[in-house]
Amino acid sequence: MRVLLVAVVALLGLGVALATGALRAGKLKPQRSAATVASLGTAANGVFTGSGVIFDYPPAWHVLPVAGAAQAGTPQGRIVLGTGTGSDRVIVEAFRMSGPITDANREGEMSQLGSNVDGFASTQHGTVQAPIATGTLGTLPAFTARAQWPGTGGVEMLGRFYFGYSGKAMYFVNCQRESTAPPEIDKGCDQIVKTFRVS
C-alpha cells in the first residue's frame with residue numbers, strides 16, 4: 001500500500017509535480033480533471049475554512065488562480081494563497097486515500113514520498129535540501145521535506161512540502177518562494193503550517 005500523490009503538473013508555469021509512482025499502488029484514486037478541481041473552501045480576513053480544514057494566513061494575502069493540467073490523483077480540493085506577486089505562494093490540497101496511514105505502513109509510505117520528492121527535484125533540475133522526515137502539519141502527524149530548483153529568470157525556487165494525514169485524508173501543503181522573497185513569505189507559510197487543523 002503506497003500513497004499516490006500527484007500535484008499540479010504545470011502550476012503557473014513552474015512545473016510543480018510530486019509523486020507520480022504511487023498511482024500503480026492504487027492508494028489514491030483519480031478524482032476529476034484539472035479544470036474541475038473544486039475550491040478547498042473559503043479564505044477571508046486571514047482565516048481559511050472548508051473541507052473540514054481550518055487555518056490562519058496573513059490577512060493581506062489573496063486567493064490566487066491555478067493554471068495547468070493535473071495528472072491522476074487530482075485533489076478533491078485546492079486553494080492557493082499568496083501576495084499575488086512573483087512565484088511566492090502556498091498551495092493547499094486535500095486528497096482521499098483508500099486506506100489510512102498506520103504504524104504498520106508508515107515507513108513504506110514515507111519511503112515512497114521520499115522517492116517522489118527526489119523525483120520531483122531531479123525533474124526540475126534541482127536538489128533535495130532536507131529529505132523526507134516525520135514531522136507535523138499543525139495538529140496532524142506529517143511527512144516533511146524541502147527542495148530547491150531553478151525558477152524563471154534564473155531565480156532559485158525554494159519549496160517546503162508537508163504531507164499531513166488523518167484517517168483516509170491526506171493534506172498536501174506546498175510553500176514555495178523565490179530565494180529573494182521578503183521574510184513575510186516564510187512567516188506566512190509558518191502561520192499556515194502551525195495553525196493547520198481539521199474539525
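Computed from a predicted model, the values in this text were never measured in an experiment.
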Chemist: Under the side chain to side chain contact (heavy atoms under 4.5 Å, CB included) rule, what do Val193 and Leu137 come out as? Steps first, then yes or no, please.
Modeler: CA-CA 5 Å; Val193 169; Leu137 174 60; 4.2 Å; yes
Chemist: Using the rule that Ile, Leu, Val, Met, Phe, Trp and Tyr join whenever any side-chain heavy atoms are under 4.5 Å apart, tell me whether Ile91 and Leu64 fall into a single cluster.
Modeler: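 Linked within one cluster.
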Chemist: Let me see the working for Lys187 and Asp190 under salt bridge (Lys or Arg N to Asp or Glu O under 4.0 Å), right down to the final yes or no.
Modeler: CA-CA 5 Å; Lys187 290 179 182 177; Asp190 290 343; over 6 Å; no
Chemist: Check for a donor-acceptor pair, side chain of Tyr57 on one end and backbone N or O of Ala44 on the other, with a separation under 3.5 Å.
Modeler: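 Present.
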Chemist: For this output row, return yes or no: ring centroids of Tyr165 and Phe143 closer than 6.0 angstrom.
Modeler: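 Ring centres of Phe143 and Tyr165 closer than 6.0 Å.
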Chemist: Output yes when a side-chain donor or acceptor of Asn105 lies under 3.5 Å from a complementary backbone atom of Ile101, and no otherwise.
Modeler: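 Looks like no, no N/O pair under 3.5 Å.
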Chemist: Rounded to the nearest 0.5 Å, what separates atom CE in Met110 from atom OG1 in Thr134?
Modeler: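 It comes to 6.0 Å.
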Chemist: Are Val90 and Ile185 joined in one hydrophobic group, where the rule is that I, L, V, M, F, W and Y side chains link up if heavy atoms are under 4.5 Å apart?
Modeler: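 In one cluster with Val90: Ile185, yes.
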Chemist: Looking at Thr195 and Arg197, what are the two nearest heavy atoms and their distance?
Modeler: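 Nearest pair, atom of Thr195 first, then Arg197: O-NH1, 2.8 Å.
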Chemist: Can Met157 be reached from Val128 by stepping across I, L, V, M, F, W or Y side chains whose heavy atoms are under 4.5 Å apart?
Modeler: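 Shared cluster, yes.
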Chemist: Indicate yes or no for a side-chain donor-acceptor contact from Thr102 to the backbone of Ala104 under 3.5 Å, with no hydrogens or angles considered.
Modeler: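 Yes, Thr102 side chain to Ala104 backbone: donor-acceptor pair under 3.5 Å.
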Chemist: Determine the sole option in Gln148, Arg146, Arg160 for which the side-chain hydrogen bond (donor to acceptor under 3.5 Å, both in side chains) test with Gln129 is passed.
Modeler: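 Testing Gln129 for a side-chain hydrogen bond (donor to acceptor under 3.5 Å, both in side chains) against Gln148, Arg146, Arg160 leaves exactly one candidate, Gln148.
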Chemist: Atom CG of Asn45 and atom CG of Asp56: how far apart are they, to the nearest 0.5 Å?
Modeler: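 Reported to 0.5 Å precision, the distance equals 11.5 Å.
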Chemist: Tell me if a side-chain donor or acceptor on Ser51 pairs with a main-chain N or O of Leu40 at a distance below 3.5 Å.
Modeler: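 Yes.
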Chemist: Between atom CZ of Phe163 and atom CD of Glu93, what is the distance when rounded to the nearest 0.5 Å?
Modeler: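 The CD atom of Glu93 is 10.0 Å from CZ of Phe163, to the nearest 0.5 Å.
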Chemist: Taking a hydrophobic cluster as the set of Ile, Leu, Val, Met, Phe, Trp and Tyr residues connected by side-chain heavy atoms closer than 4.5 Å, whether directly or through intermediates, do Val117 and Val173 fall within one such cluster?
Modeler: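 No, separate clusters.
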Chemist: Is it true that Phe196 and Tyr162 have ring centroids separated by less than 6.0 Å?
Modeler: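 Between Tyr162 and Phe196, which both carry aromatic rings, the centre distance is not below 6.0 Å.
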Chemist: Can you give me the closest heavy-atom contact between Ser166 and Leu140, atom names plus distance?
Modeler: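 Residues Ser166 and Leu140, closest heavy atoms: CB-CD2, 3.9 Å.
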Chemist: Please find the pair of heavy atoms, one from His125 and one from Pro150, that lie closest to each other, and give the distance.
Modeler: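 It is O-CD, 3.4 Å.
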Chemist: With side chain to side chain contact (heavy atoms under 4.5 Å, CB included) as the test, would you mind laying out the steps for Val63 and Leu81 before giving the verdict?
Modeler: CA-CA 5 Å; Val63 176; Leu81 297 164; 3.8 Å; yes
Chemist: So which heavy atom on Gly164 is nearest to which on Ala142, and how close?
Modeler: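 Shortest heavy-atom separation between Gly164 and Ala142 comes out as CA-CB, 3.7 Å.
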Chemist: Is there side-chain contact between Val155 and Ser179, with heavy atoms separated by less than 4.5 Å?
Modeler: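 When only atoms from C-beta onward are counted, Ser179 and Val155 do touch, with a gap below 4.5 Å.
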Chemist: Kindly give the heavy-atom pair with the smallest separation between His62 and Thr83, and that separation in Å.
Modeler: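 Minimum heavy-atom separation between His62 and Thr83: CD2-O, 3.4 Å.
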Chemist: Side-chain heavy atoms under 4.5 angstrom apart, residues restricted to Ile, Leu, Val, Met, Phe, Trp, Tyr: same cluster for Val198 and Ile79?
Modeler: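 Yes, Val198 connects to Ile79 through the hydrophobic network.
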Chemist: Look at the side chain of Asp88 and the backbone N and O of Glu178, then say whether any donor-acceptor pair between them is shorter than 3.5 Å.
Modeler: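 Judged by distance alone, yes, a pair lies under 3.5 Å.
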Chemist: Look up atom CZ in Arg177 and atom CD in Glu184, then write down how far apart they are to the nearest 0.5 Å.
Modeler: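 Arg177 CZ to Glu184 CD: 11.0 Å, rounded to 0.5 Å.
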Chemist: CD1 of Ile132 to CD of Gln112: how many Å apart, nearest 0.5 Å?
Modeler: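 These two atoms lie 10.5 Å from each other.
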Chemist: Aromatic rings Phe161 and Phe172: how do their planes relate, parallel, tilted or perpendicular, breaks at 30° and 60°?
Modeler: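 Rings of Phe161 and Phe172: tilted, as their planes differ by 30° to 60°.
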Chemist: Starting at OG of Ser39, measure out to CZ of Arg78 and round the result to the nearest 0.5 Å.
Modeler: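 Those atoms lie 10.5 Å apart.
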Chemist: Can you check whether Gly135's main-chain N or O pairs, donor with acceptor, with Thr144's side chain at less than 3.5 Å?
Modeler: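 It does not hold such a pair.
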Chemist: Would you find a donor on one side and an acceptor on the other, under 3.5 Å apart, between the side chain of Thr123 and the backbone of Gly119?
Modeler: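 Looks like yes, one N/O pair under 3.5 Å.
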Chemist: According to the interplanar angle, ranging from 0 to 90°, do the rings of Phe55 and Phe48 count as parallel (below 30°), tilted (30 to 60°) or perpendicular (above 60°)?
Modeler: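 If you compare the ring of Phe55 with that of Phe48, the planes turn out parallel.
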